[in-house]
Undergrad: 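The structure that follows is given in the form of C-alpha cells.
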Amino acid sequence: MLLNMLKKDFSRKKSITIALFIFILLSALLVSAGSSMIMELSNSLNNLFTASKAPHFVQMHSGELNQSEIDDWTSKNDLVKAQQTVEMINIDGSNLYLGNDAESEKNSIMDLDFVRQNTSFDLLLNLESQVIQLSRGEIAVPIYYKQQKNMNIGDKVKITTPSFNMEFTVVDFVRDVQMNPSIIHSKRFVVHKGDFERLKSNLGEIEYLVEFQLNDFSKLSEFSNAYQSSNLPKKGPSVDYSLFKTLNSITDGVVAAVVIFVSILLNVIAILCIRFTILATIEEDYREIGVMKAIGISQSYIKKMYLTKYVVMAAAASIIGFLASIFLNRLFTANIMLYIGTAPKSVLQHLISFIAVVLIFLMVVLFCSLVLRRFKKISTIEALRSGNIGDAKVRTDSLPLHKSKFFNIPIFLGVKDVFQRFKMFRLLLIVFLVSSFIIIIPVNFLNTIQSPSFISYMGIGQSDIRIDLRLTDNIVERYEEMNSYIKNDKDVEKFSPLVTSQFKMINNDGALENISIETGDFSIFPLDYVNGNAPTSDNEIALSYANSKDMGKNVGDQLQLVVDGTEKNMVVSGIYQDVTNGGRTAKALMPFNADAVLWYVVSLDVSDHTDIKGKIAEYEEAFYPAKVTHLQGYLDQTLGNTIDQLKLITILAILIAIFVSILITSLFLKMLVAKDYAQIAILKSIGFTLRDIRIKYVTMALLVLNIGIILGTIVSNTIGQKIVSIILSFFGASQIKFVIDPVQAYILCPLVLMFVVTITTLISIISIKKSSISEMIVE
C-alpha cells in the first residue's frame with residue numbers, strides 16, 4: 001500500500017519531489033566533499049611529513065659555519081636523534097631562465113636555491129611522493145613553477161652569467177616539506193651532487209639549513225632554548241615542525257574554511273527548504289488528509305505514510321550525493337594532490353564522509369518528523385471545508401486599500417499581503433538573506449585578497465615598489481649606495497629604508513631565543529594595527545599578531561632584549577597582522593647594534609607620471625643583484641594560487657545561491673498559490689486581470705528579496721567580516737576589513753538575484769490562470 005502511495009504521490013508531485021531530492025542530494029554531496037577535503041588535507045600532510053622525514057627544528061644561517069662544533073654539541077645533547085647541515089646555492093633570478101620563458105626570473109620575489117638530495121631526513125620528493133634521484137644534467141623543479149609557469153617534464157632550465165653557463169633538463173617536480181607553499185619566499189631546485197659541486201665552484205652564495213630531528217618532539221621547546229643559548233650558527237630565522245605544518249596548510253586551509261562555511265549555510269537553507277516542501281505538500285493534500293482522518297485512519301499512520309516518502313527520498317539522495325562526492329572530490333582537492341600529494345585512502349577517510357552524509361540524512365528525517373507534527377493542528381472539518389491549517393494569521397487592521405497613494409492597486413496589495421502575513425514570509429526572507437550572504441561574503445573576500453591594500457596583512461606597508469637586498473659581498477656599502485641613489489631620484493616621492501636583524505630575547509621561561517626585528521621609520525608606509533600603534537621611540541616594539549599570542553604579550557607589556565650583552569626593556573606599542581612566514585615578526589626603531597643583519601628592504605612611492613615598469617628596470621640594473629618588485633606582482637606571486645582557488649569557490653557559491661533562490665522561490669510560491677486559491681478566484685471575479693495578479697505576486701517576491709538583500713549585505717559586512725577574521729586568525733590576521741566593490745556588491749549581485757527571482761516567480765504562478773470563482777463554488 002505504501003509503495004503504491006509513493007508511486008502515485010511522485011506522479012502527482014514530480015516537480016516538488018525532484019526539487020527536494022536534488023536539494024538533499026546537493027547538501028549530502030557538499031558535506032561529504034567538505035569533510036573529505038579536511039581529511040584529505042590532514043592525511044596528505046601527515047603522509048608528506050612521514051615520507052620526507054620532516055625535520056623538527058631548522059636554523060637558517062648565512063655566513064661561515066664550523067660543522068665540527070655542531071657535531072660536538074649534537075653528540076652531547078640527548079634530545080637529538082639526527083642532525084644534518086644542508087648547503088644551498090642561491091642563484092640570482094636575473095641569471096635563471098625557466099622553460100620556454102624568454103624572460104629571466106629577475107622579477108621573481110622568490111629566493112632561488114639549488115640543492116642536492118639529502119641523505120638522512122628532509123627528503124625532497126617527486127609527484128609520486130618518492131625520493132628524487134637524479135643523473136648529471138637533470139633537475140627537479142619546485143611544484144610552484146609547474147603551476148605558475150606551466151612547466152612540464154622535458155623543459156629546460158638555464159643558468160646564464162657572463163662567465164658561466166649551465167643547462168638542465170626537467171625530469172621531476174619537487175614536493176618540499178619546508179618550502180612548498182607560495183607564501184614561503186624560498187624555493188629549492190634539486191640537482192645531481194656532481195652538478196651541485198660545479199655550481200658551487202662557479203657561482204652563487206652558500207646558505208645553510210642546520211637541521212635536527214629529536215627523539216621526543218614534545219621537548220622541542222626545551223631543545224630550541226638550548227640551541228638558542230649555544231654559540232652555534234644562528235645568523236637567520238629558525239623554524240620548527242609545527243610551523244611547517246601551518247604554512248603547508250594555509251592555502252588549502254583557507255579554501256577548506258570557505259567551503260565549510262558555505263556548507264554550513266547550505267545546511268541552514270536545507271532545513272528551510274524541507275519545511276517549505278512539506279508545507280507545500282500538506283497544502284496540496286489538505287483535503288485528502290481530512291478525508292483520511294474522517295474515515296478513521298489514525299494520525300500516526302498518516303504521519304508514517306508521509307514520513308516514509310521523505311525517508312526513501314532522503315536515503316536515495318544521500319547515497320547518490322555521497323557517491324557523486326567521490327568524483328567531485330578531485331575538484332576540491334586538486335591543489336592538495338599537486339602540492340602535498342595523496343595519502344593512501346583509509347577506511348576512516350571514507351567512513352568520516354559517510355558519517356557526515358548519514359548525519360544529513362538523520363537531520364532530514366528528524367526535521368520531517370517534527371514538521372509533520374502539524375497534522376495535530378489539522379481539523380477534519382476545517383480541512384474538508386477550506387484547508388486552512390492555521391500557518392499564517394492575517395492581520396486585517398494594517399494598510400487599508402484606501403491609503404494607497406503611491407502605488408497602483410496590484411503593487412499595493414502585494415506589499416500589504418507581505419506585512420499581513422509576515423510570519424509566513426519570514427522564512428522566505430531568511431532564505432534570501434542567507435543566499436545574499438553566500439554570494440557577498442566570497443565576493444568581498446576575493447576582492448579583499450586581490451586588493452593592493454591586502455599587502456598590509458602581510459606585514460608590509462603599501463607602496464609602489466619594494467627592493468630586497470640579500471646578504472652579499474660589501475652589503476653595507478651596497479645598501480648605502482642604494483639609499484643615496486633613491487634619495488637623489490627626482491621621480492621618488494617618498495621612501496623608507498628598513499633593516500631586518502636578529503636579536504636575542506629573554507622568553508617567558510627565562511631562556512634566550514632569537515627574534516627577527518625589522519627596524520626603520522614605520523610612519524612613512526604605515527600598517528593597520530589591531531591594537532596600539534607603530535613604535536615611536538627607541539624603547540618601543542610592535543609585535544605581529546602571531547608573535548603576541550605566542551609570547552602572551554599585549555600593548556603596554558614589556559619585552560626583554562639582550563643588546564651588546566645587556567638587557568634592554570622594550571614596551572609593546574602595537575600589534576599588527578602578518579600572514580607571511582608564520583606571522584612571527586616584529587618592528588622597532590632601535591638604532592643600536594644587532595646580533596646579525598639578515599636582509600635590507602627599501603619601500604618607495606614614485607610620482608604619478610612615472611613609468612613604474614621603466615623605473616623597476618632602471619633599479620634592477622643599478623642595484624643588481626637586489627630584487628625589485630612591483631607590490632601588485634608581490635601579491636600575485638605570493639597569493640596567486642589561493643586567489644585562483646577562491647575564484648572557483650566564489651563562482652560555485654554564486655551558482656549555489658542562485659539555484660537555492662530558484663528552488664525555494666518556486667516551492668514557496670506554489671505553496672502560496674495553493675493556499676490563495678480562493679482569494680485568487682475572488683480577485684479574478686471582481687475584475688482583476690491575470691497580469692494584475694501576477695504583478696501582485698512578483699511584488700511580494702521582490703519586496704521580500706530586497707529586504708533579504710539589504711539585511712544580507714549588512715550581516716555580510718559585519719558578522720561575515722568577523723567570521724572571515726576568525727578563520728584568518730589561525731594564519732596571523734585577526735581583523736580583516738573587506739574591500740568592497742560597490743558595483744559588484746550593491747548592483748550586479750542584487751540584480752542577478754532580482755532577475756532570477758522575477759523569472760522564477762512568473763513561471764511559478766502560471767497555475768493562477770486555472771483559478772475561477774465558479775470552480776471554487778462547484779468544489
Side-chain angles (χ1 to χ4, degrees), residues 37 39-56 58 84 86 88 98-99 110-134 138-155 157 168-192 196 209 211 213 239-253 255-256 329-330 332-345 581-582 637-638 640-642 644-645:
M37 185 178 182
M39 291 296 296
E40 187 77 48
L41 179 60
S42 176
N43 292 342
S44 295
L45 267 180
N46 290 334
N47 189 65
L48 173 66
F49 275 60
T50 300
S52 63
K53 299 180 181 179
H56 294 146
V58 176
Q84 69 181 8
V86 178
M88 302 192 302
L98 300 178
M110 300 296 171
D111 292 331
L112 309 169
D113 298 309
F114 278 57
V115 301
R116 55 198 161 190
Q117 180 64 271
N118 298 317
T119 55
S120 301
F121 55 96
D122 185 22
L123 303 176
L124 300 160
L125 310 178
N126 60 20
L127 294 183
E128 284 72 45
S129 294
Q130 298 173 341
V131 178
I132 292 173
Q133 300 294 341
L134 302 172
E138 296 178 342
I139 190 171
V141 176
I143 290 176
Y144 173 83
Y145 292 103
K146 175 179 175 59
Q147 190 174 65
Q148 296 293 112
K149 299 279 188 178
N150 196 29
M151 295 190 69
N152 296 295
I153 302 297
D155 286 350
V157 174
F168 300 91
T169 301
V170 177
V171 297
D172 253 324
F173 293 96
V174 183
R175 285 199 179 115
D176 186 343
V177 74
Q178 289 195 51
M179 302 177 182
N180 243 356
S182 59
I183 205 167
I184 298 177
H185 295 162
S186 295
K187 294 290 172 277
R188 290 193 283 187
F189 294 75
V190 186
V191 295
H192 185 268
F196 179 87
L209 300 177
E211 303 180 342
Q213 278 194 327
V239 287
D240 58 39
Y241 189 90
S242 300
L243 185 56
F244 292 145
K245 278 209 165 183
T246 299
L247 293 173
N248 273 284
S249 63
I250 281 180
T251 301
D252 295 296
V255 175
N329 281 343
R330 296 188 65 86
F332 287 102
T333 61
N335 195 70
I336 296 175
M337 290 188 291
L338 177 62
Y339 271 84
I340 303 176
T342 303
K345 300 293 183 183
N581 297 320
Q637 292 185 53
T638 302
N641 182 42
T642 303
D644 289 340
Q645 291 188 77

Undergrad: Would you say Gln213's side chain and Lys53's backbone share a donor-acceptor pair under 3.5 angstrom?
TA: yes
Undergrad: Check the pair Val174, Val141 against side-chain contact (heavy atoms from CB on, under 4.5 Å), reporting the backbone distance first and the verdict last.
TA: CA-CA 6 Å; Val174 183; Val141 176; 5.9 Å; no
Undergrad: Where is the tightest heavy-atom contact between Val177 and Ala54, given as atom of each residue plus distance?
TA: CG2-CB, 3.8 Å
Undergrad: Side chains of Arg175 and Ser52: is there a donor and an acceptor less than 3.5 Å apart?
TA: no
Undergrad: Output yes when a side-chain donor or acceptor of Asn46 lies under 3.5 Å from a complementary backbone atom of Asn43, and no otherwise.
TA: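 No, the answer is negative, given that no donor and acceptor are paired below the 3.5 Å cut-off.
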Undergrad: Locate the shortest heavy-atom distance separating Ala140 from Ile132; write the atom from each residue and the value.
TA: CB-CD1, 3.7 Å
Undergrad: Indicate the atoms forming the closest heavy-atom contact of Val191 with Phe168, along with that distance.
TA: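 It is CG1-CE2, 3.8 Å.
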Undergrad: Side-chain contact, heavy-atom cut-off 4.5 Å: Val190 with Val115?
TA: yes
Undergrad: Look at the rings of Phe189 and Phe114 and say which category their plane angle falls in: under 30° parallel, 30 to 60° tilted, over 60° perpendicular.
TA: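 Taking Phe114 first and then Phe189, their aromatic rings lie parallel (interplane angle under 30°).
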Undergrad: Provide the closest heavy-atom pair for Ala51 versus Ser129 in the form atom of the first, atom of the second, distance.
TA: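 Result for this residue pair: CB-O, 4.3 Å.
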Undergrad: Supply the atom-to-atom distance Ile153 CD1 to Asp172 CG, rounded to the nearest 0.5 angstrom.
TA: 5.5 Å
Undergrad: Testing the basics here: between Pro142 and Lys187, what is the closest heavy-atom pair and its distance to 0.1 Å?
TA: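 That would be CG-CB, 3.9 Å.
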Undergrad: For Leu125 and Leu123, run side-chain contact (heavy atoms from CB on, under 4.5 Å): C-alpha distance rounded to whole Å, both residues' side-chain angles, the deciding distance at 0.1 Å, then the answer.
TA: CA-CA 6 Å; Leu125 310 178; Leu123 303 176; 4.3 Å; yes
Undergrad: If you round to the nearest 0.5 Å, how far is NZ of Lys149 from OH of Tyr145?
TA: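 One gets 7.5 Å once the value is rounded to the nearest 0.5 Å.
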Undergrad: Would you give the length of the straight line joining atom CG of Leu112 to atom CG of Leu98, rounded to the nearest 0.5 angstrom?
TA: 7.5 Å
Undergrad: For the atom pair NE2 (His56) and CG (Asp122), what is the distance rounded to the nearest 0.5 Å?
TA: 11.5 Å
Undergrad: With rounding to the nearest 0.5 angstrom, report the CD to CG distance, Gln117 to Leu134.
TA: 8.0 Å
Undergrad: Pair Asn180, Leu48 - check side-chain contact (heavy atoms from CB on, under 4.5 Å), show working.
TA: CA-CA 11 Å; Asn180 243 356; Leu48 173 66; 4.1 Å; yes
Undergrad: Tell me whether Lys245 at atom NZ has more than 12 heavy atoms from other residues, nucleotides or ligands lying less than 6.0 Å away.
TA: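 Counting neighbours around NZ of Lys245, more than 12 heavy atoms of other residues, nucleotides or ligands fall under 6.0 Å, so yes.
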Undergrad: Could you give me the CA-CA distance, side-chain angles and deciding distance for Val157 and Val170, then say whether side-chain contact (heavy atoms from CB on, under 4.5 Å) is met?
TA: CA-CA 7 Å; Val157 174; Val170 177; 3.8 Å; yes
Undergrad: State the CZ-CD distance between Phe173 and Glu128, to the nearest 0.5 angstrom.
TA: 11.5 Å
Undergrad: Which atoms form the tightest heavy-atom contact between Gln178 and Pro55, and what is the distance?
TA: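 So the minimum-distance heavy-atom pair works out to NE2-CG, 3.8 Å.
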Undergrad: Donor-acceptor check, side chain of Gln84 to backbone of Phe121, threshold 3.5 angstrom: yes or no?
TA: yes
